[in-house]
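Atoms within each ligand, like the ligands themselves, are counted from 1 in listed order. The structure presented is a predicted model; accordingly, all values stated were derived computationally and were not measured. Scope of the values below: all heavy atoms of this structure, side chains included, with no hydrogens, waters or symmetry mates.
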Amino acid sequence: MKKNVIVSYVFLLLFSCTAFAQSVKRNVSVVTENTCLVFSVDSNDELIFRHYGKKITDLADFSKNLFTPTAHQNFPSVYPTYGGRSYILPALKLTHDDGVICSELRFVDIKTNNPEPNVTETVIKLKDKAYDLLVDVHYTAYYKEDVISQYVTVRNMEKGSVNVEQVASSYLPLRAESYYLSHFYGSWSKEMRMKEEELTNGVKSIESLKGVRTTQCESPIFIISLNGKSKESEGEVYGGALAWSGNYKLSFQIGEDKLLSIVSGMNPIAAALKLDNGEEIKTPEMILTYSSEGKNRMSQNFHHWSRRYALAHGYDSRPVILNSWEGVGVKFNEDKICEMIDDAASLGVELFVLDDGWFGNKYPRDATDAGLGDWQVNRKKLPHGIDYLVEHAKKKGMKFGLWIEPEMVNPNSELAEKHPDWVVKTDRYTAYTERSQWLLDLTNPEVQDFIVRTIDNIITEAPELVYIKWDANRYANNVGSSYLPADRQSRFWYDYVKGLYSVYERIREKYPDIMLQACSSGGGRMDFGSLKYHDEFWASDNTNAVDRIFIQYGASMFFPASAIASHVSVAPNQQTGMSLPLKYRFDVAMSCRLGMELQPKEMTEKELEFAKSAIETYKRLRPVIQNGDLYRLISPYDGVDRASLMYVSENKSQGVFFVYNLGYHERNERCMVRMQGLDPDAEYKVYELNIMGRPALKKGDIRLSGRYLMEVGIPLLMNKTHDSCVLELIKINK
Ligand code: GLA
């Protein structure tokens, strides 16, 4: 090598060392009981992501200079922008008023606050290096639950306006030898299917552009397992859930350095946000948890957190419901509903929900192509109004709830005639209908007021109504708003969801006790953004118990049993045509929030007797099922033709165990599932419940230690394709 070439190499090396060498000025951590996030402010005032995982209390090692000249990507920014030395998919991309398309953020300050002893809020203040653009990254750490949520605010203090083209809620870099992503996909009637796959170099995205019903086909949730497929009770896993009911995008990018970069937030397509001087936007929250003990712990973290912070009336016990939809559809009258209420009451049902079909006079809701928007009682079907039904239910010792789909309008409605400008549409393209309906423009405050007024009117007319099933049955297309100005049309989805949340908030503020169910053609709105305002989800229009095992298994990864409504319906099932034993249907529905969705008149005496006793049993077990800890024992995805789960009370004094066959098991085989979560040193009395026909458990007084139940398991006689068994375990006080 020639001398001058060597010199220039040495010079280059020296130059790059000086140019890129970094030292740590300060470390910052966000801490929960078992986990922590660590960031470092480097000598360039860049905020570098260092760690998210097991808790490290002494941050001294993070201050040692671990940065090498080429290692910038190894320590990525906490909130990467398009600009600087970053080449990964950015969390923030915007165009400044002068047309510059880059941004570089620098650390300014950090603030912490404890709104309550279990919660720490940390705000990291960043500012663009060259422009008056302020970015605050907000973390909320929920100590006991090991949950950390993150959102970002962007404030434009530049003289002119800024166009924000991408603004993620969170960026999470992870480092391992391999990464396995579990995501949740499906379609109407087949929600929450779980798929685990190894991520490879490049980008994998999970996203929705459907606007409404955004969780029916994909879901804004993920599980990442490091160095192998995820397991229930071992291994490092990260769970993430975006609290947003609109379009979203979660990107998983593995780069040349093997780092996994996860960018989660609103979908940037057709969603640029123009910020004038002084304007600010706030992203949705991304909820994260880390578990070094596998998926079950991850789910328990989400469940504990949901009940305490993210679910309306989180710890209250949920009533047993009978919903009219599959039983009578929209074809009913007052007598029929009163009869249904009577029959439900005699089964021990606690709440009757009148579904679709009760409204519309000029355009009566006799089919799904008319009436949406005209939320006045149909006088022909229900001459004495809703309050009469509420009173009737009350006389029978039951409460009453009502279905509504307030974001929608049928072209055949008085509302559409009166307010064509409230429909989401553009002038030059067709306003397509779906399920014969249009979407209302919730960016418009008048529409928001209309919905709040509608709920007000319903409750004023029937003050003892306690439950509302809030449905939303279409996607959006050819989106446009007559309310938003031309240069703000791309704010539509941001403003729509904010408008929806503001409506929920106003209703919640005025009616804090009302129970709300989030339904969107089944599980189309199962996200933590909407859950905050609701008591539960209608997880799917598919009530077939075999399908429900898969749907509920997927939903249980993030959502607690009390939030997952599950109803026993007729055989053959209306969606799938499958005929399952009544016991199997009850055993599956009882593992979540139990309800029924059929016409009790069509049940035989024997079925009614079984249903009555199962409902009574559920009420007794409800505190453990709805508020206990979940342990998933056998996955329906494991290909062993069986699924099993159990719930254990916090003090381990009671457990409820469920097992379901999904295929035939030959006659000499015994089902021996090892339980979990019990007190190993305690003795438990074990009972079989919901027996119909041949019992699965040998008769007699069975007392076994928690250790035996967890290490060995009880042999159960369960061979037939759709055999199932429910056991109750009661700790014996010695
Ligand atoms: C949707 C819901 C159903 C039912 C019907 C009524 O499909 O998911 O549960 O309420 O609407 O039209």
For atom 5 (C) of ligand 1, which protein heavy atom lies nearest, and how many Å away is it? Trp325 CE2, 3.6 Å
For this output row, return yes or no: ring centroids of Phe558 and Trp305 closer than 6.0 angstrom. no
Just distances here: any N/O of Trp188 and N/O of ligand 1 closer than 3.5 Å? no
Nearest-neighbour protein heavy atom for atom 4 (C) of ligand 1, which is reported as residue plus atom name and distance: Asp355 OD1, 3.4 Å
Ring-ring centroid check Phe537 Phe559, cutoff 6.0 Å: yes
Under 3.5 Å, which donor-acceptor pairs link side chains of residues 345-356 to any protein atom two or more places apart or in another chain?
{"from": "Ser346", "atom 1": "OG", "to": "Asp343", "atom 2": "O", "distance (Å)": "2.9"}
{"from": "Glu350", "atom 1": "OE1", "to": "Val320", "atom 2": "N", "distance (Å)": "2.6"}
{"from": "Glu350", "atom 1": "OE1", "to": "Arg622", "atom 2": "NH1", "distance (Å)": "2.8"}
{"from": "Glu350", "atom 1": "OE2", "to": "Arg622", "atom 2": "NH2", "distance (Å)": "3.0"}
{"from": "Asp355", "atom 1": "OD2", "to": "Asn323", "atom 2": "ND2", "distance (Å)": "3.0"}
{"from": "Asp355", "atom 1": "OD2", "to": "Lys469", "atom 2": "NZ", "distance (Å)": "2.7"}
{"from": "Asp356", "atom 1": "OD1", "to": "Arg365", "atom 2": "NE", "distance (Å)": "2.9"}
{"from": "Asp356", "atom 1": "OD2", "to": "Arg365", "atom 2": "NE", "distance (Å)": "3.4"}
{"from": "Asp356", "atom 1": "OD2", "to": "Arg365", "atom 2": "NH2", "distance (Å)": "2.8"}

Below 3.5 angstrom, do we get any N/O pair linking Arg365 and ligand 1? no
Just checking Phe222 against His183, ring centres under 6.0 Å apart? no
Which atoms from ligand 1 have a heavy atom of Trp538 less than 4.0 Å away? 8 (O), 9 (O)
For ligand 1, indicate whether the residue Cys519 contacts it via side chain, backbone, both or neither (heavy-atom separation under 4.0 Å). side chain
Please classify the Arg435 to ligand 1 contact at 4.0 Å (heavy-atom distances, strictly less than): side chain, backbone, both or neither. side chain
Identity and distance of the protein heavy atom lying nearest atom 9 (O) of ligand 1: Lys469 NZ, 2.7 Å
Taking the basic N atoms (NZ, or NE/NH1/NH2) and the acidic carboxylate oxygens, is any pair closer than 4.0 Å for Arg508 and Asp513? no
Positive for side-chain contact (heavy atoms from CB on, under 4.5 Å) with His567, one of Leu598, Leu594, Ile321: Ile321
Name the closest protein heavy atom to atom 12 (O) of ligand 1, giving the residue it belongs to and the distance to 0.1 Å. Asp356 OD2, 2.6 Å
List the closest protein heavy-atom neighbour of atom 3 (C) of ligand 1: residue, atom name, distance to the nearest 0.1 Å. Asp541 OD1, 3.4 Å
Could you check whether any heavy atom of Thr368 sits closer than 4.0 Å to an atom of ligand 1, since that is the contact criterion I want to use? no
Partner of Ser521 by side-chain hydrogen bond (donor to acceptor under 3.5 Å, both in side chains), out of Arg435, Arg213, Glu434, Arg474: Arg213
Please work out, at 4.0 Å between heavy atoms, whether the side chain, the backbone, both, or neither of Val330 comes within that distance of ligand 1. neither
NZ/NE/NH1/NH2 to OD/OE distance under 4.0 Å, Glu464 and Lys399: no
Atom 2 (C) of ligand 1 has as its nearest protein heavy atom Asp471 OD2, 3.0 Å
Taking the six-membered ring of Phe332, is NZ or CZ of Lys381 closer than 6.0 Å to its centre and within 45° of its axis? yes
